[in-house]
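Being a predicted model, the structure only gives us computed values, none of them experimental. One is the number of the first residue; the rest follow in order along the sequence. All ligand and atom numbering here is 1-based and tracks the order in the structure.
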Amino acid sequence: MIIAVDGPAASGKGTIAKALGRHYGLPVLDTGLLYRAVGLAVLKASGDPDHEADALAACDFDDAMLDDPALRSEAVGSLASRVSIHQSVRQALVKRQRDFATQPGGAILDGRDIATVIAPDADAKIFVTASVHVRAQRRYQDALDHGGHPDMDSLIADIQARDTRDMSRDHAPLRVADGADLLDTSNLTIDAAVQQAIALVDAQLERRRQA
Ligand code: DC
């Protein structure tokens, strides 16, 4: 069984994917980490994330980089969004994601193009979203909790810039896939969002069984 969880930055898709993984006993791949690793590798190589050849060369990143805490920063998230517009970069990361998706026993993947490109035949597809203000507020709280000094206006601007880039790129833009259910987490607690996600997945699985 493959479950695809897509959505914009800070929508809660990662938290929901992990909770679904625990509920259904499936391994989870946060595919954003792959793009973040490419972004960080470009930075370390003093390359230009907007230059396709530099970004492609960085796809060769060392697997150990996937555990680097620096991957979680806003700055690296923005680099990831920039390298992800290049078709060759996306292509270089496809096999890894499909191998994970098709492992025996099933898997859950979260990202931007899981239900549209990586696993269009997924058994269940959820598109997680939330208002820009709520997403910025989550990032703000997260930064405070980690001892940072966040600025709300720049967080809102960053999220809007990332949404625009992720949704308007030519290759595999972020969009709601055919057959995906929308889950708006703006006014939901984490527990409520997870319960709704499980209900949506169960309903999709049931519909497939009956089809
Ligand atoms: O989910 P995230 O914030 O960690 O993703 C960082 C960036 O990586 C995101 O802005 C766009 C890119 N990305 C992508 O293009 N496709 C994916 N499946 C996952 C992430």
Side-chain angles (χ1 to χ4, degrees), residues 2-21 28-43 49-50 52 55-56 58-59 61 65-102 107-120 122 125-130 132 134-140 142-143 146 155-177 180 183 185:
I2 301 174
I3 302 177
V5 182
D6 289 302
S11 56
K13 65 184 185 312
T15 304
I16 287 173
K18 284 194 203 90
L20 291 175
V28 181
L29 179 64
D30 170 359
T31 63
L33 277 185
L34 304 177
Y35 290 92
R36 285 171 181 261
V38 176
L40 185 59
V42 171
L43 185 71
D50 302 320
E52 184 155 6
L56 181 61
C59 291
F61 62 81
M65 197 181 261
L66 293 172
D67 299 319
D68 190 331
L71 289 188
R72 311 272 170 189
S73 73
E74 280 304 305
V76 173
S78 167
L79 286 172
S81 175
R82 286 164 64 186
V83 298
S84 75
I85 71 165
H86 305 302
Q87 165 77 337
S88 58
V89 168
R90 306 200 67 81
Q91 203 52 45
L93 299 179
V94 162
K95 184 179 179 320
R96 195 173 186 139
Q97 296 174 79
R98 291 221 172 110
D99 284 351
F100 190 91
T102 56
I108 299 176
L109 290 86
D110 78 82
R112 301 288 187 292
D113 63 339
I114 307 305
T116 52
V117 175
I118 300 298
K125 304 172 182 177
I126 306 284
F127 189 95
V128 184
T129 187
V132 170
V134 165
R135 289 188 281 139
Q137 186 64 46
R138 289 177 186 156
R139 284 282 149 94
Y140 186 88
D142 199 45
H146 289 88
L155 284 174
I156 288 176
D158 283 354
I159 285 184
Q160 283 173 329
R162 200 118 82 82
D163 282 357
T164 303
R165 200 182 301 114
D166 293 350
M167 291 189 294
S168 63
R169 66 186 179 212
D170 291 340
H171 311 290
L174 173 66
R175 64 172 180 81
V176 184
L183 175 54
T185 66

In sequence, state the C-alpha distance, the side-chain angles, and the governing distance for Leu79 and Arg36, and then conclude on side chain to side chain contact (heavy atoms under 4.5 Å, CB included). CA-CA 7 Å; Leu79 286 172; Arg36 285 171 181 261; over 6 Å; no
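- Salt bridge present: Arg135 and Asp163 bring a charged side-chain N and a carboxylate O closer than 4.0 Å.
- Residue contacts with ligand 1, taken as heavy atom pairs separated by less than 4.0 Å, do not involve Arg72 at all.
- Below 3.5 Å of separation, one finds an N or O of Arg90 facing an N or O of ligand 1.
- Taking only non-hydrogen atoms, the option from Leu34, Asp113, Leu174, Val117 nearest to atom 18 (N) of ligand 1 is Asp113.
- The option from Arg112, Arg36, Arg165 that lies nearest to atom 1 (O) of ligand 1, judged by heavy atoms, is Arg112.
- Side chains of Thr185 and Arg138: a donor on one and an acceptor on the other come within 3.5 Å.
- Summarising the local packing, CZ of Arg98 is surrounded by more than 12 heavy atoms from other residues, nucleotides or ligands at distances under 6.0 Å.
- Heavy-atom proximity to Lys13, at under 4.0 Å, picks out these atoms of ligand 1: 1 (O).
- Of all the atoms in ligand 1, the ones that sit under 4.0 Å from a non-hydrogen atom of Gly111 are 18 (N), 19 (C).
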Using side chain to side chain contact (heavy atoms under 4.5 Å, CB included), reason through Val128 and Asp110 one step at a time and then give a plain yes or no. CA-CA 10 Å; Val128 184; Asp110 78 82; over 6 Å; no
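- Contacts of Ser84 with ligand 1, taken as heavy-atom pairs under 4.0 Å, involve the side chain alone.
- Listed by chain and number, the residues in a salt bridge (Lys or Arg N to Asp or Glu O under 4.0 Å) with Asp68 are Lys44 (sequence neighbours excluded).
- Between Arg90 and Tyr35 the shortest side-chain heavy-atom distance falls below 4.5 Å.
- The shortest N or O to N or O distance between Arg169 and ligand 1 is below 3.5 Å.
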Between His86 and Leu56, is a side chain to side chain contact (heavy atoms under 4.5 Å, CB included) present by the stated rule, with each step listed? CA-CA 8 Å; His86 305 302; Leu56 181 61; over 6 Å; no
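- Looking at Asp6, Thr31, Ile159 and measuring to atom 19 (C) of ligand 1, the nearest heavy atom belongs to Thr31.
- At a 4.0 Å heavy-atom cut-off, ligand 1 touches Arg162 through the side chain alone.
- Of the protein's non-hydrogen atoms, Tyr35 CD1, 3.6 Å is the one closest to atom 13 (N) of ligand 1.
- Considering all non-hydrogen atoms of both residues, Ile114 and Val5 come closest at CG1-O, 4.4 Å.
- In the vicinity of Gly32, heavy-atom distances shorter than 4.0 Å reach the ligand 1 atoms 4 (O), 5 (O), 19 (C), 20 (C).
- Scanning the protein heavy atoms around atom 7 (C) of ligand 1, the nearest turns out to be Ala80 CB, 3.6 Å.
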